[in-house]
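To start, the structure itself, in structure tokens.
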Amino acid sequence: MNACVDLPRSLLRPGAGARPGRVYLVGAGPGDPDLLTLRAARLLAQAEVVVLDQLVSAEVQALIAPRAQVIDAGKQRQRHTMEQDEINALLVRLARQGRQVVRLKGGDPFVFGRGGEEAQALAEAGIEFEVVPGITAACGVSAYAGIPLTHRDHAQSCSFVTGHVKEGGPEPDWAALAQPQQTLVIYMGLAALPRICTQLAAHGLSPETPAAVVQQGTTAAQRVVTGTLADLAARVQAAGLRSPCLTIVGEVVRLREQLAWFEPAPVLSAACA
Ligand code: SAH
């Protein structure tokens, strides 16, 4: 018998049925369900099993097929409900059962979303996967806050950085971040906001540089607090903003005065929106 006969791939997978499992790493965007891609909306409508990220808005979750099994793998700072290794193992296990798995992640899966790590785990396990990009918070939130990330008069470049620096871990390159004519978008930076503002000013940005923090951008609960590097942290604390928040630093923040267009539905505590 010819040993090189090609077996169907499904037969080569341990535990797989006739149909091979597949994982879709899907970006859910920043919150407003209208910002989903058509591909994401279609996959949600047909989903068999959805593994959820903590950041996926209720309005997006409402678009998941009612028959789908939903597994919440949400994570919060210092309150991990499932470790990343467990999530990777879960995705592999579900796919090996021959299931079509939607791994739904806030924003874009490949921007601070650990989508890269999940894709690596799937590739190493020989599981087929697909990546569906989403609107990352920087793009969605800045648009709904009326803050263009670049502008010919104010910013020729834009950096997306994480503000979640590990205790005792390597420091960000503050000097590189503190450049004029550049917009900084800081993800996960709420807890470290006072330090971030102080360090940027210490490394050369004017303390008067405009900056904003946007809570739950693109949703009815969007709140925006603006200020300068010198006073933003105190204003944000006084306003009681809560995660998820995105920080934007740079001259472009001033344009919000003219360009703010999105009026979230009034909420009781919106005193400083
Ligand atoms: N993959 C996601 C980012 C995950 S990291 C993306 O591409 O957007 C989580 C951080 O994203 C939060 O701490 C916050 O900084 C930011 N974020 C995500 N959604 C947000 C929203 N609707 N409003 C403000 N910040 C948001």
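Read the numbers this way: they start at 1 and go in the same order the structure lists the ligands and their atoms. In this chain, residues are counted from 1 in sequence order.
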Enumerate donor-acceptor pairs with a distance under 3.5 Å from any side-chain N or O in residues 129-140 to protein atoms, sequence neighbours excluded.
{"unit_1": "Glu130", "atom_1": "OE1", "unit_2": "Arg22", "atom_2": "NH2", "d": "3.3"}
{"unit_1": "Glu130", "atom_1": "OE1", "unit_2": "Arg39", "atom_2": "NH2", "d": "3.4"}
{"unit_1": "Glu130", "atom_1": "OE2", "unit_2": "Arg39", "atom_2": "NE", "d": "2.7"}
{"unit_1": "Glu130", "atom_1": "OE2", "unit_2": "Arg39", "atom_2": "NH2", "d": "3.0"}
{"unit_1": "Thr136", "atom_1": "OG1", "unit_2": "Tyr187", "atom_2": "OH", "d": "2.6"}

request  = Identify the heavy atoms of Asn88 and Glu118 that sit nearest to each other, and give their distance.
outcome  = OD1-CG, 3.3 Å
Criterion side-chain contact (heavy atoms from CB on, under 4.5 Å) against Thr183, the qualifying member of Pro148, Cys158, Ser159 = Cys158
inquiry  = I'd like to know if the side chain of Gln181 pairs up with that of Glu251 as donor and acceptor (distance under 3.5 Å, no hydrogens or angles considered).
reply    =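 Their side chains do not contain a donor-acceptor pair, so the 3.5 Å distance test is not met.
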ask   = Checking Arg223 side chain against Ala239 main chain: does a donor-acceptor pair fall under 3.5 Å?
value = yes
request  = Look at the side chain of Thr228 and the backbone N and O of Glu208, then say whether any donor-acceptor pair between them is shorter than 3.5 Å.
outcome  =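 Not confirmed, Thr228 side chain does not pair with Glu208 backbone.
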query = For ligand 1, what is the set of protein residues having any non-hydrogen atom at a distance below 4.0 Å?
reply = Pro30, Leu55, Gly106, Gly107, Asp108, Val111, Phe112, Gly113, Thr136, Ala137, Val141, Tyr187, Met188, Val214, Gln216, Gly217, Pro244, Cys245, Leu246
